[in-house]
Protein chains: 8
Amino acid sequence: MTPLGDYARLDTDRAARTGDPEVVYGAGKTPQQVVEILRTLAVAHPERAVLATRVADDAIDAVRAALPEAVVDAVARAVTLGPLPEARGTVGIVSAGTSDAPVAAEAALTARVYGAGVRLVSDVGVSGLHRILAAREELLAADCLVVVAGMEGALPSVVGGLVGVPLVAVPTSVGYGASFGGLAALLGMLNSCAPGVTVVNIDNGFGAGVFAARVARNAAPRPTA
Amino acid sequence: MTPLGDYARLDTDRAARTGDPEVVYGAGKTPQQVVEILRTLAVAHPERAVLATRVADDAIDAVRAALPEAVVDAVARAVTLGPLPEARGTVGIVSAGTSDAPVAAEAALTARVYGAGVRLVSDVGVSGLHRILAAREELLAADCLVVVAGMEGALPSVVGGLVGVPLVAVPTSVGYGASFGGLAALLGMLNSCAPGVTVVNIDNGFGAGVFAARVARNAAPRPTA
Amino acid sequence: MTPLGDYARLDTDRAARTGDPEVVYGAGKTPQQVVEILRTLAVAHPERAVLATRVADDAIDAVRAALPEAVVDAVARAVTLGPLPEARGTVGIVSAGTSDAPVAAEAALTARVYGAGVRLVSDVGVSGLHRILAAREELLAADCLVVVAGMEGALPSVVGGLVGVPLVAVPTSVGYGASFGGLAALLGMLNSCAPGVTVVNIDNGFGAGVFAARVARNAAPRPTA
Amino acid sequence: MTPLGDYARLDTDRAARTGDPEVVYGAGKTPQQVVEILRTLAVAHPERAVLATRVADDAIDAVRAALPEAVVDAVARAVTLGPLPEARGTVGIVSAGTSDAPVAAEAALTARVYGAGVRLVSDVGVSGLHRILAAREELLAADCLVVVAGMEGALPSVVGGLVGVPLVAVPTSVGYGASFGGLAALLGMLNSCAPGVTVVNIDNGFGAGVFAARVARNAAPRPTA
Amino acid sequence: MTPLGDYARLDTDRAARTGDPEVVYGAGKTPQQVVEILRTLAVAHPERAVLATRVADDAIDAVRAALPEAVVDAVARAVTLGPLPEARGTVGIVSAGTSDAPVAAEAALTARVYGAGVRLVSDVGVSGLHRILAAREELLAADCLVVVAGMEGALPSVVGGLVGVPLVAVPTSVGYGASFGGLAALLGMLNSCAPGVTVVNIDNGFGAGVFAARVARNAAPRPTA
Amino acid sequence: MTPLGDYARLDTDRAARTGDPEVVYGAGKTPQQVVEILRTLAVAHPERAVLATRVADDAIDAVRAALPEAVVDAVARAVTLGPLPEARGTVGIVSAGTSDAPVAAEAALTARVYGAGVRLVSDVGVSGLHRILAAREELLAADCLVVVAGMEGALPSVVGGLVGVPLVAVPTSVGYGASFGGLAALLGMLNSCAPGVTVVNIDNGFGAGVFAARVARNAAPRPTA
Amino acid sequence: MTPLGDYARLDTDRAARTGDPEVVYGAGKTPQQVVEILRTLAVAHPERAVLATRVADDAIDAVRAALPEAVVDAVARAVTLGPLPEARGTVGIVSAGTSDAPVAAEAALTARVYGAGVRLVSDVGVSGLHRILAAREELLAADCLVVVAGMEGALPSVVGGLVGVPLVAVPTSVGYGASFGGLAALLGMLNSCAPGVTVVNIDNGFGAGVFAARVARNAAPRPTA
Amino acid sequence: MTPLGDYARLDTDRAARTGDPEVVYGAGKTPQQVVEILRTLAVAHPERAVLATRVADDAIDAVRAALPEAVVDAVARAVTLGPLPEARGTVGIVSAGTSDAPVAAEAALTARVYGAGVRLVSDVGVSGLHRILAAREELLAADCLVVVAGMEGALPSVVGGLVGVPLVAVPTSVGYGASFGGLAALLGMLNSCAPGVTVVNIDNGFGAGVFAARVARNAAPRPTA
């Protein structure tokens with residue numbers, strides 16, 4: 001536990017406890033706080049990349065100025081600092097439409113930071129089924145799938161009926177009117193008729209990436225095995 | 001306008017105005033009221049069947065006793081009285097699961113009473129896509145589709161991506177938990193990414209049947225044309 | 001299926017599959033993406049107009065600069081590119097108040113792009129019934145009606161009681177307070193006591209236009225018949 | 001203030017304070033409590049009828065046994081005890097469908113107990129407009145209108161556009177699915193585009209009756225004037 | 001019915017039908033539309049003031065420039081044009097807190113335009129009961145009360161228990177968090193334990209003013225009587 | 001920690017940790033489970049009463065048969081076993097209507113079991129303000145107040161404006177329609193304009209009793225002081 | 001695809017497609033349908049157990065009569081028919097309270113039927129933290145965790161902070177009032193501050209079991225490896 | 001009661017009635033109103049600090065200019081004017097994450113202004129339990145706890161299981177997606193399985209501070225006793 005000014009108690013023991021270091025959730029933090037916490041975490045974990053998500057534009061500028069070695073993923077609105085771990089296992093990231101790209105990118109980067117390999121299957125919404133049917137082999141090759149969709153959120157049900165790979169669904173806030181900020185997609189995914197679909201919060205690419213990476217890492221044969 | 005006791009003013013002119021007679025909505029009516037209104041409507045429209053929907057068990061018994069010539073559809077919980085009109089055009093009724101059968105049956109009977117032909121495609125939920133893919137020709141042959149589904153309500157998006165036939169989606173209350181009595185399916189259908197999907201109230205097979213019959217009748221070549 | 005950069009897989013086969021080409025949904029896309037997708041779709045479908053909806057001001061500017069032959073509908077916030085198809089059948093677009101005009105315009109333009117003729121009946125809200133009563137003949141002349149209303153969304157019930165023409169209701173987000181962004185109108189329309197009213201998402205003039213055009217086209221006598 | 005056992009403090013001064021005595025709200029009270037409170041109120045107000053609403057079947061039986069002079073209104077599920085006051089002014093009670101009858105009856109009886117005359121206009125739902133148009137003169141003759149409707153609750157908007165009489169709308173729980181127990185009608189009425197519509201709770205015929213009677217009494221010329 | 005450009009059909013017969021002219025609801029209209037409709041209504045009703053509500057700052061500027069004889073009420077964000085009618089009867093406008101002032105002002109101006117006199121009782125929220133108790137005589141002197149409150153919306157229940165005057169409650173969007181934009185106050189008022197409280201939409205001072213003016217006018221002795 | 005069959009791990013150390021023993025929440029437990037847990041807790045805490053709440057009728061019968069020394073509070077639907085602790089400090093339980101009695105009784109019994117004295121002030125709803133005004137001295141004498149109300153839940157705001165005693169509000173599910181099972185009262189209390197009102201779950205008399213007893217005990221002079 | 005009467009098209013190819021056979025969801029099916037589908041599935045998959053969930057009492061009786069070799073799990077309200085597969089990997093099922101037992105049992109049986117081993121950790125709710133802290137080694141030994149909790153649903157956040165094992169959270173409908181049938185627990189779990197928590201529908205032990213079994217099976221070293 | 005211009009009736013007697021002076025709720029007030037009310041309250045209560053909360057940036061500037069002796073708490077967005085009272089008893093303010101700091105600061109300042117001492121325990125969210133476990137002694141030392149948390153709001157359940165100190169939970173709007181502006185945390189806290197947790201409105205640090213100060217003051221031995 002590392003105190004940081006008077007506003008934070010960094011959970012620097014988390015890696016020992018859960019296998020993965022704490023992450024900077026950038027929303028609601030000042031650019032200075034993002035920089036400071038990122039730097040402190042990087043010092044505590046020199047051997048592997050630390051991650052900041054939901055980083056606003058001004059915080060990205062501050063990070064670029066203060067931590068030039070940081071890598072910015074503009075689509076995912078995220079930053080990493082330090083070397084990415086070797087990839088074990090594969091997370092397949094499937095997204096329904098172009099507007100879902102930021103959430104899919106956050107999931108992909110997170111899975112990579114958490115030690116899994118990543119493959120992207122983009123723009124395969126259910127209104128043109130041939131697209132997802134054509135990707136079936138790619139889906140089967142993954143150890144865990146992250147399926148990202150807004151509007152009615154039907155894609156996880158379709159994918160979950162095609163393959164038996166563990167599947168995490170991410171509803172996005174893409175939509176309008178009775179989408180109610182992603183509620184429609186969230187409810188759709190929770191009620192999926194395909195067995196074994198699990199769900200995370202609206203737009204929570206990060207959480208899906210963490211979970212999928214853990215599943216994929218464990219499923220992959222250990223380097224020494 | 002036909003007064004009936006002191007509780008109803010039957011809209012017996014509706015057929016002249018909208019082309020179709022008034023229907024008995026059985027919920028919240030006593031068995032005696034159902035029988036009486038059904039009989040009055042049948043007298044006003046001797047040339048074509050009149051319909052009662054959402055008829056409770058005791059009202060079905062009362063109808064059977066008082067109107068032995070009435071035909072009861074037990075699955076649809078509905079009753080018709082009088083000759084069915086000649087069928088013009090075809091309504092395709094597609095349902096996702098066996099629990100959706102009562103709503104699909106109500107839609108089918110209604111479409112038939114309103115003058116359209118009906119074809120049923122049952123138990124083709126999205127978690128087993130090959131079932132709906134195998135039915136594509138049947139879907140294309142319809143002048144209007146009624147797609148009935150509960151849970152996440154994804155079936156209309158899939159069907160709407162396969163064919164360009166006008167499509168009315170019916171969410172059902174099948175489900176539990178975060179289905180919230182059919183709300184999840186309703187929101188899913190309203191947010192469908194397939195263009196041209198329209199929606200009716202939860203479990204409203206009747207409304208979908210009326211609408212689809214009108215579309216199908218108009219699409220069919222007139223007998224004399 | 002046409003890949004476009006790394007962000008989209010255009011469903012260029014959709015016209016063959018469903019009879020109508022894919023449409024650009026402009027919300028959440030950059031001006032450059034709107035221009036690029038519009039141009040690609042136009043190339044794939046030179047014989048008929050392609051459509052972009054929900055186009056933001058900066059995207060409209062980008063379209064005007066890059067595609068001078070595009071036609072901008074400022075009220076509908078939409079753009080077309082290419083020749084409009086010949087009109088078959090008639091869609092009647094009925095709107096309740098002046099604030100509903102953008103949604104009605106989107107429905108009208110969409111129906112026209114999808115191959116139907118269009119007639120507008122504007123500002124006929126239910127608080128002044130004589131206005132809609134005076135338009136009854138116009139309503140009857142349509143093959144399909146699109147009824148647009150915000151606030152309590154009562155207009156479809158009134159129209160649906162006057163005529164038996166297939167009717168698609170579009171709730172709008174016009175209103176305040178307990179309108180909850182169009183939820184009140186949406187629920188009102190879903191619960192309409194007029195039989196055969198179907199509903200689309202809040203402010204979804206596009207979806208209503210697609211659906212109504214399909215119904216109207218099918219209802220019209222074929223040119224060669 | 002009259003203590004009654006250890007469970008109630010009757011507000012027997014309310015008539016002096018607000019012009020009308022307290023009323024027994026029967027829901028959640030035992031039959032014995034209903035009888036006892038009704039009797040106590042009747043003793044405190046011998047000159048005019050006291051009222052119990054929402055009286056369950058067993059409480060009605062208990063009232064009939066213990067207070068044979070009480071008058072039971074079976075449709076309204078209500079009981080009065082004592083002489084009805086002379087009627088001043090007129091409340092028009094307008095209801096949309098036969099299922100709305102219990103709420104309309106509760107409003108009517110309440111208005112009568114609170115000293116207004118009552119006229120009923122039943123079964124004039126908006127899907128058959130000619131019915132309400134035919135009743136315009138009746139509507140104009142009232143000093144205050146109570147308009148009762150379930151489902152989409154559109155009737156108050158239509159009536160409020162026809163006449164300028166003060167109008168209280170009562171949403172009912174009649175409906176299913178996305179009616180959500182009367183919520184759709186409630187929201188519809190709160191968002192009415194007709195100016196000057198006020199609303200009470202779902203199924204609250206009592207509250208509407210109280211309010212309308214006060215308006216009607218005040219509007220009527222005083223007997224001695 | 002007066003057509004205005006292609007965007008509006010003014011209901012200029014409304015005064016004959018309901019006793020009061022149409023009003024300009026400014027939200028969602030351009031400054032030019034507000035000016036034009038206001039001028040047209042004023043020409044149609046030269047003998048009495050016409051009203052525009054929810055007028056945005058730029059529309060107020062446009063009105064001041066184009067219609068210098070218009071009177072602007074900055075608190076109510078409303079404009080009148082033409083002579084105010086003689087006041088008949090009294091509407092009492094009671095508000096809970098200083099933040100409720102704009103809604104109370106809209107109700108007051110509306111009631112005045114619709115022909116009633118107005119008295120204001122401000123800042124008498126229930127957390128300091130002595131304030132409303134001290135105003136009891138003022139409350140009793142009104143023919144109709146409009147009670148405006150946000151947050152928990154308890155004031156109508158307290159006022160409705162003090163006096164028997166007809167009472168219209170207006171929930172406001174004042175509050176935060178679980179106020180949900182006025183929903184808490186709206187639900188509170190709909191569930192008021194004081195009999196005879198009616199409710200309008202959140203922040204709908206206009207609707208309350210119309211209703212209350214009609215009640216107050218009818219309650220007042222006619223000038224010639 | 002005491003294992004009990006294979007279904008429970010009783011938290012018998014809770015008294016040491018938090019000062020009060022675990023309580024049996026009876027809902028969803030079989031009569032046998034209620035009896036067994038109650039007996040086990042009583043054995044672990046012979047010196048003071050243990051409590052079971054929300055005990056269904058069949059469980060009450062089972063308790064009476066198996067534990068004849070248990071004391072049943074029929075109004076509160078609760079059972080105690082063992083000697084009540086000496087009372088320190090005073091909790092005032094204020095309830096709005098007779099239907100709120102079960103929740104008030106649960107709060108009262110709980111506060112007593114948790115070691116506080118209790119005074120009841122019943123049936124003082126806000127629609128008859130004189131009742132609560134007359135009880136001001138009683139309210140001031142309490143160390144903590146529990147205020148129980150359904151419907152619009154306005155009583156805590158009124159009480160909280162009269163006295164500065166710490167106040168816990170308990171919304172009840174008493175009401176109908178837009179009460180939504182107590183949601184209206186809950187939101188009203190959370191938005192109270194009286195400072196310092198805290199709230200517990202709907203119908204949660206138990207939680208309010210626990211909290212208030214802790215506050216009252218601490219506020220009271222210690223026996224030895 | 002195996003047609004069954006006219007009500008179902010069994011997805012008997014699902015095992016080939018997804019690795020696991022279809023399951024009988026018993027809710028909304030007649031006892032006869034449950035028996036028939038179970039028998040058909042068992043015939044199609046003689047080598048491994050088939051499963052029926054949410055089996056009502058009368059259907060359990062029918063199964064016992066018609067399929068005496070079926071095994072009934074009374075707590076889980078589920079039935080299996082055929083030999084359970086060899087267990088690979090371990091699913092840890094953690095539940096908060098005794099009322100959550102049926103959902104935990106459904107998850108456990110499902111995971112077992114889907115081929116994983118199962119360990120139960122029961123009654124470790126967060127209000128007595130020592131219980132879950134004492135189980136840390138058991139949690140770490142699992143390949144996937146299923147965490148079942150009602151009320152506020154806080155247990156997954158606590159467990160997810162203790163260990164880095166993939167974690168599926170199951171909200172239950174245990175609770176009352178503002179639990180809204182499990183909605184509070186569902187929202188709590190979706191918003192968990194512990195990274196990598198995924199969620200299934202309320203009371204959906206089945207879905208969690210399927211998912212966790214897939215993860216655990218893949219994580220376990222293959223028998224032949 | 002002190003009138004202030006025409007917009008406010010200051011409740012200057014509140015201190016006599018409830019023991020604490022009125023507070024300026026800054027939201028929705030102009031900078032001038034904030035300054036004026038603050039000055040008036042300070043004049044009425046020269047012996048102790050008065051407080052303004054939710055003060056916007058421009059109002060803070062106005063206060064600094066007009067009342068240079070005022071003290072601004074930038075984190076809490078609050079202002080005090082006048083000497084802080086002597087501290088009696090201790091309020092422990094516990095917050096889950098750094099984004100909850102403004103609400104915790106508002107609670108702390110309010111408790112201090114209301115006469116209690118304050119201790120802060122920050123950044124002890126449940127996903128790293130060791131942090132809150134390490135703070136147990138600090139928690140036990142408080143007379144009342146205020147526990148501030150957003151997202152799933154689980155911290156009060158954990159704290160309430162650790163110690164028996166009276167506990168007020170404050171949900172914050174920290175979160176996104178299915179947090180719904182703090183609703184998830186609010187529902188979580190209302191459903192806490194730890195007995196004796198009470199809750200205030202989302203982000204209502206002020207209300208929690210008032211309540212906790214009253215409890216802490218009463219619990220502390222009086223100076224002279």
Side-chain angles (χ1 to χ4, degrees), chain A residues 95-100 123-136 139 147 149-164 167 169 171-199 202, chain B residues 95-100 123-136 139 147 149-164 167 169 171-199 202:
Chain A
S95 61
T98 57
S99 305
D100 301 315
D123 204 17
V124 291
V126 299
S127 70
L129 272 186
H130 54 294
R131 298 179 294 191
I132 188 68
L133 294 173
R136 186 157 187 267
L139 302 176
V147 182
M151 304 179 80
E152 83 275 56
L155 188 55
S157 295
V158 167
V159 173
L162 286 177
V163 298
L167 189 167
T172 71
S173 53
V174 171
Y176 62 91
S179 150
F180 296 123
L183 177 63
L186 172 63
L187 293 181
M189 291 171 177
L190 287 168
N191 286 282
S192 176
C193 58
V197 169
T198 63
V199 187
I202 298 164
Chain B
S95 61
T98 57
S99 305
D100 301 316
D123 204 18
V124 292
V126 298
S127 69
L129 272 187
H130 53 294
R131 298 180 293 192
I132 187 67
L133 293 173
R136 186 156 188 269
L139 303 177
V147 182
M151 305 180 81
E152 83 275 57
L155 189 54
S157 295
V158 168
V159 173
L162 287 177
V163 298
L167 190 166
T172 72
S173 53
V174 171
Y176 63 91
S179 149
F180 296 122
L183 177 62
L186 172 63
L187 293 181
M189 292 172 177
L190 286 167
N191 286 282
S192 176
C193 58
V197 168
T198 63
V199 187
I202 298 164

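Side-chain atoms are counted along with the backbone in the values below, which use heavy atoms only and exclude waters and symmetry mates. Order of the sequence lines fixes the chain letters, A, B, ..., with proteins taken first and strands second; residue numbering starts at 1 for each chain.
- Residue A/Leu133 touches chain B through its side chain alone, counting heavy-atom pairs closer than 4.5 Å.
- Proximity to chain B (any heavy atom under 4.5 Å) is restricted, for A/Phe180, to the side chain, taken from C-beta onward.
- Taken to the nearest 0.5 Å, the CG atom of B/Leu183 stands 7.0 Å off from the CG atom of A/Leu183.
- When A/Gly188, A/Ser192, A/Gly175 are compared by the number of non-hydrogen pairs under 4.5 Å with chain B, A/Ser192 comes out ahead.
- Residue B/Met151 holds its CE atom at 6.0 Å from SG of A/Cys193, rounded to the nearest 0.5 Å.
- Annotation: maximal heavy-atom pairing with chain B below 4.5 Å, among A/Ala154, A/Ser157, A/Ala149, A/Gly153, occurs at A/Ser157.
- Counting heavy-atom pairs closer than 4.5 Å to chain B, the top-ranked of the candidates A/Val158, A/Leu155, A/Val159 is A/Val158.
- Nearest approach of A/Asn191 to B/Ala178, heavy atoms of both residues: ND2-O, 3.0 Å.
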